[in-house]
There are 2 protein chains.
Amino acid sequence: MIDVHSMLKMCNLKRTPFRVNLLELFVQTKSSIQTHTIRETFEGRFNKATIYRAIEAFEKNGLIHKVPDINNLLRYALCRENCVNGSHKHTHSHLICNSCRETYCIDQITTPNIPSAIGLKIDYVDLVLNGECFSCQLN
Amino acid sequence: MIDVHSMLKMCNLKRTPFRVNLLELFVQTKSSIQTHTIRETFEGRFNKATIYRAIEAFEKNGLIHKVPDINNLLRYALCRENCVNGSHKHTHSHLICNSCRETYCIDQITTPNIPSAIGLKIDYVDLVLNGECFSCQLN
DNA sequence: TTTAGAAAAACAACTGAGTTGCTTTATTGA
DNA sequence: TCAATAAAGCAACTCAGTTGTTTTTCTAAA
């Protein structure tokens, strides 16, 4: 696992205490994170404009990506090995659990390729599975 | 196809001009609708609190259901024959145009089958393409 | 057809997520 | 060490969506 300092350096982002902490939070979190949670974690110590701008910078540099959220709040997850670098396309899909309302990345299911013949300019594709997560199935 | 008057009556919702129009909009729209679009259609003629409360009433009565939206805006679709308990099975995908914010059905792309081997309980699948529509590409 | 009760519409004020412009501070590479 | 610049702080703002209250409209029963 690459360390957060190298990740920031690779993106030409400065190694500030806040950005190191924020990136570590993403690395440690297996599923996705709502902006709400990020603000709970850091607000008070850091300004919300700082928080949103850091998230924006991480996304722009391909460190994290947006994840759909049924409660229409911003939600992000770390880009891991299965995120294709460069083109910043995500080939995995997301499960929204209708019990716990969490969103999980499902690596086993890849999003379909959109044939360029259709002629649409596609920025990204989301395959959203609505169902029940493993943990909630057990309860 | 059941008419909107009967649909409202079945739910014990009053047949007001606005609610008839709103439900007709959902019936006529093949894919999902952003709240933004609903407001564009009706605001000026109807108050936004009225709009949001009607949407809420429709959802509560199982006429429509929320659809995830990567742009963290509320989005709904009509519950049709293949909707079980408010869930909606899509056999086609949607394009969300990030220029004009419209949603289009893309019939050429079918949603992939989710292998049951993965062991997830999936209610329905949404394939959401985020990009630019044909019309906006020309401008 | 009339009318009372209830549902829905209108209005206004509010909440809170996210944005923006600008100034100050901290990081980094030379 | 220091200049360039990225990032943090601050404050004011936008706008989607909510809420409380009053007024209007629908409907079902007399």
Side-chain angles (χ1 to χ4, degrees), chain A residues 3-26 32-61 63-76 101 103, chain B residues 4-26 32-61 63-64 66-76 96 98 101 103:
Chain A
D3 67 305
V4 293
H5 289 192
S6 311
M7 289 166 79
L8 291 171
K9 188 153 198 179
M10 264 171 47
C11 298
N12 290 316
L13 296 171
K14 284 187 178 171
R15 195 208 311 171
T16 65
F18 168 60
R19 295 200 171 189
V20 168
N21 285 350
L22 179 61
L23 192 47
E24 272 168 352
L25 177 64
F26 274 109
S32 55
I33 317 176
Q34 272 187 358
T35 312
H36 181 261
T37 309
I38 297 172
R39 287 179 63 176
E40 265 184 347
T41 309
F42 292 108
E43 216 156 342
R45 287 188 291 147
F46 298 97
N47 188 272
K48 67 173 173 171
T50 302
I51 295 173
Y52 283 111
R53 282 184 176 133
I55 292 170
E56 191 190 18
F58 285 7
E59 194 195 9
K60 209 167 150 187
N61 283 280
L63 292 175
I64 60 173
H65 64 272
K66 258 189 201 166
V67 170
D69 184 313
I70 202 70
N71 299 308
N72 72 311
L73 293 169
L74 290 178
R75 178 185 281 276
Y76 296 88
R101 304 261 112 178
T103 305
Chain B
V4 295
H5 290 191
S6 312
M7 289 167 79
L8 290 171
K9 187 153 199 179
M10 263 171 48
C11 298
N12 291 314
L13 295 171
K14 283 189 179 168
R15 194 209 313 169
T16 64
F18 168 60
R19 294 199 172 190
V20 168
N21 285 351
L22 179 60
L23 192 48
E24 272 169 353
L25 177 64
F26 274 109
S32 57
I33 315 176
Q34 272 188 0
T35 312
H36 180 261
T37 309
I38 298 172
R39 287 180 62 176
E40 265 185 348
T41 309
F42 292 108
E43 217 157 343
R45 287 188 290 147
F46 298 97
N47 187 272
K48 67 173 172 170
T50 302
I51 295 172
Y52 283 111
R53 281 184 175 133
I55 292 171
E56 191 190 18
F58 285 7
E59 194 195 9
K60 209 167 150 185
N61 285 280
L63 292 174
I64 60 173
K66 260 188 201 167
V67 171
D69 185 316
I70 200 74
N71 299 308
N72 70 314
L73 293 169
L74 291 178
R75 176 183 287 278
Y76 297 88
I96 300 175
N98 52 29
R101 305 183 102 181
T103 303

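Labels below follow one simple rule: chain letters A, B, ... track the order of the sequence lines, proteins then strands, and each chain is numbered from 1. Quick note: numbers below take in every heavy atom, side chains included, and nothing from hydrogens, waters or symmetry partners.
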Specify the separation, in whole Å, of atom [atom1] of [X] and atom [atom2] of [N].
| X | N | atom1 | atom2 | answer |
| --- | --- | --- | --- | --- |
| A:N47 | D:dA12 | CG | P | 13 Å |
| B:I51 | C:dC11 | CD1 | P | 13 Å |
| B:F18 | C:dC11 | CZ | P | 14 Å |
| B:L74 | C:dA17 | CG | P | 15 Å |
| B:E56 | C:dA7 | CD | P | 14 Å |
| B:K9 | C:dA7 | NZ | C1' | 15 Å |
| A:R39 | C:dG18 | CZ | P | 7 Å |
| B:Q34 | D:dC15 | CD | P | 16 Å |

Should A:K14 and A:R19 be marked as a side chain to side chain contact (heavy atoms under 4.5 Å, CB included) after you check the CA-CA gap, both sets of side-chain angles, and the distance that decides it?
-> CA-CA 8 Å; A:K14 284 187 178 171; A:R19 295 200 171 189; over 6 Å; no
How is [X] classified with respect to the nucleic acid when contacts are heavy atoms under 4.0 Å: base, sugar-phosphate, or nothing?
| X | value |
| --- | --- |
| A:A57 | nothing |
| B:T16 | sugar-phosphate |
| A:A54 | nothing |

Would you mind telling me which of C:dT28, D:dT25, C:dA12 lies closest to the side-chain atoms of A:K14?
-> C:dT28
Return the 5'-most residue of the pair A:L73, B:F46 with respect to DNA chain C, ranking by each residue's nearest nucleotide.
-> B:F46
Residue whose closest nucleotide on DNA chain C lies nearer the 5' end, B:N12 versus B:K48 = B:N12
On the nucleotide [N], are OP1 or OP2 found under 4.0 Å from the side-chain N or O atoms that [X] carries?
| X | N | result |
| --- | --- | --- |
| B:Y52 | D:dG17 | yes |
| B:R15 | C:dA8 | no |
| B:R53 | D:dT18 | no |

State which residue, out of A:I38, A:L22, A:T41, fulfils the side-chain contact (heavy atoms from CB on, under 4.5 Å) condition with A:I51.
-> A:I38
Heavy-atom side-chain proximity of A:K66 to A:Y76 below 4.5 angstrom = yes
Student check: side-chain heavy atoms of B:F18 and B:T50 closer than 4.5 Å = yes
Would you check if the side chain of A:T35 reaches a backbone N or O of A:L74 as a donor-acceptor pair within less than 3.5 Å?
-> yes
